[in-house]
Amino acid sequence: MLAPYKPMNIAIEGLSKRFGKTLALDNVTLAARPGELLALLGPSGSGKTTLLRIIAGLETGETGMLTIGGTDAMNLPPRERGIGFVFQSYALFRHMTVFENIAFGLRIRTRSERPNRSEIADRVNHLLSLVQLDGMGARYPAQLSGGQRQRVALARALAVEPKVLLLDEPFGALDAKVRVELRHWLRSLHDRLSLTTVFVTHDQEEALELADRVAILAAGRIEQLGPPREVYDAPASPFVIEFLGEVNRFSCRVQNGLARLALQGCEPVAAPGLPDALAVAYVRPHEIELVDAQASGAATATVRSVSVIGPRTRIHLTAGDQVIEADAERSRAEALDLSPGKSVGLRFRTVRIYPTAR
Amino acid sequence: MSLTLAAGGRRRRNALPGFGLTLGITIFVLSVLIVIPLGGLVARAASLSPSQILSILSSPRVFSAFRLSFGLAFIAAVIDGFVGILVAWVLVRYHFPGKRILDSLVDLPFALPTAVAGITLTALYADDGWFGAPLAKLGLSVAFTPWGIFVALLFVGLPYAIRSCQPVLADLEREAEEAAVTLGAQPAQIFWRVILPQLFPALLTGIALAFARAAGEYGSVIFIAGNMPGISEIVPLLIVIRLEQFDYAGAALLATTMLVMSLVILLLLNLLSIWRSRQYV
């Protein structure tokens, strides 16, 4: 049987990594709390996979500090770090059965540390049922679906009772439906095991739905770290808000704590604490309210096209050179009788303003 | 669509026409080059009576030639297989200056005329040669002994083993090895438990090809072997000797026996490979 996991933390301090001339990680400091599910989110090339592989010891960090469960791990070989690693491509041993794959980490131990045959069989069977693959032990990886293979990879990583679990784009190779199912399943598995888990993803929806906290990486730096709700509601930088889903971007000018958007008819927006200068304002499509064109204080825009996406309506608008995307309930869109060429008023429920980068 | 129907409604038109013609040529070529000559060989050997066959095959000189040819070819092929993995590993996994040159060097035994290989190896391993002199001091004579044959067979078989393993090694998933590392495996365990099993079919193919080449090797061997009856005389040479004595039936019998033995060994190796790979493909 699996021993209950003792939740361990991972602490990284001042970690930098260079590949030739490019700086893949730039002075990263990050900690995963015991038992938490932490997402590393970022576009490709942001250094998220490199960070995960350094934690695992598959890449060596150039400078910095790494501890796993309080032990300095920077100079430990991967096999002594007590990690379980799951690859995007599953990386199963294709010449071994599912059973043998899961048992691998136990079978290769030295005689004194190796459980006996029946203990190994017990543990593998327990893991098989944990990942809902009872009775599949005799199959070969080639006979399984993508989702099943990924669960075998997870069981194989769990078999050695790692201190922490590291997942590199675990759902990346799966199709959309299986991906969502497996995501929910992984969350409930994590809740049962409470094993400290770090997973890498480029899918913001996946990170926001699954993780306890999300670290958003860009160009080798951590842009923001926080619970999903916090990073979504209070993005720390233009990069974060642009990366977390669709958003409209407006240029504006801040003067005396008020931001004026470059939009006809738009009322100034409070921008406390920002210096008097050019700035950028962001509004998410669902934070735009469509009103009558003559309504006071509303910016005016022209409807270009309307698409119905299930329960929502996506309205493509223009105001001068500015392209604007807005979402509305279908009933609301129908009440306004939107059609291409028609003028409408826009009110912004939330506007986020950032100083322009210099 | 109408064309298909006109043709009887059953035959699908292939995008590339000419199945009938190409199959005809294939069968013709295979017949003329392979089936008819081999058939003639077997027919010639069959003209001998059973007692004649038995007395030829059981003569000590013939028996030891067979043992030498097949035994040395098999051992050389197995060694080639493992050396081949090592060379292929270096060529696939490491990057170093001169790698391209080394890679093309591998094919040299393919391309070299066997007589050239034979003379070169003989000169090197003769008791006054570069390699032969130090070995002779240690009391090991290579040239003009069975050891010489062995060296020649290793030489001609090696490229087959390397070229069989190289593409498979290049295709191996590096992440499977990384997964093994994170699960606690030592490098030796990764090689024996993760890499070698996946290489096994390619290794067998390489060994089979090296064996087939080595068993029939004539040109390079006769220079270095010394060709002493019963000691360093290979079967192909015995066949030549019988031909020179106008004993065509005897030569055909030896040739047929070689043919059958080679086929059986290749068949066994293939069966082993199929059995191994059917488990997981």
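Throughout, a chain's letter reflects where its sequence line sits, starting with A, and its residues are numbered from 1. In what follows, every heavy atom counts, from backbone to side chain, and hydrogens, waters and symmetry copies are set aside.
In this structure, A/Ala91 and B/Ala179 approach most closely via the heavy-atom pair O-CB, 4.0 Å. When every heavy atom of A/Arg94 is checked against every heavy atom of B/Leu172, the shortest pair comes out as NH2-CD2, 3.7 Å.
Counting heavy atoms of neighbouring residues, nucleotides and ligands inside a 6.0 Å radius, atom CH2 of B/Trp147 does not exceed 12 of them. Residue A/Glu13 places its CD atom among 12 or fewer non-hydrogen atoms of other residues, nucleotides or ligands, all under 6.0 Å distant. Within a 6.0 Å sphere centred on CZ of A/Arg139, heavy atoms belonging to other residues, nucleotides or ligands number 12 at most. The environment of CZ in B/Phe74 is sparse: at most 12 heavy-atom neighbours from other residues, nucleotides or ligands sit within 6.0 Å. Applying the 6.0 Å contact sphere to CZ of B/Phe96 captures more than 12 heavy atoms from other residues, nucleotides or ligands. Taking a 6.0 Å sphere around CD1 of B/Ile101, one finds it holds 12 or fewer heavy atoms contributed by other residues, nucleotides or ligands.
No part of A/Ala153 comes within reach of chain B, as not one of its non-hydrogen atoms sits under 4.5 angstrom from that chain. With a threshold of 4.5 angstrom between heavy atoms, A/Leu166 does not approach chain B through any atom at all. Both the backbone and the side chain of B/Glu178 come within contact range of chain A, each with at least one heavy atom under 4.5 Å from a heavy atom of that chain. There is no contact between A/Arg81 and chain B, counting heavy-atom distances below 4.5 Å. Looking at B/Arg174, there are no atoms closer than 4.5 Å to chain A (heavy atoms on both sides), in backbone or side chain.
Taking CG of A/Asp168 as the reference point, atom CD of B/Glu175 lies at 7.5 Å (rounded to 0.5 Å). Interatomic distance, B/Glu173 CD to A/Phe87 CZ, rounded to the nearest 0.5 Å: 8.5 Å.
Side-chain contact between B/Leu183 and A/Phe93: present, with at least one pair of heavy atoms (C-beta onward) separated by less than 4.5 Å. Taking the side chain as every heavy atom from C-beta outward, A/Phe85 and B/Val181 never approach each other to under 4.5 Å.
A donor-acceptor contact shorter than 3.5 Å links the side chain of A/His95 to the backbone of B/Arg193. Between the side chain of A/Arg79 and the backbone N or O of B/Ala185 there is at least one donor-acceptor pair closer than 3.5 Å.
Listed options A/Gly105, A/Ala56, A/Ser89 were ranked by heavy-atom pairs under 4.5 angstrom with chain B; first place goes to A/Ser89.
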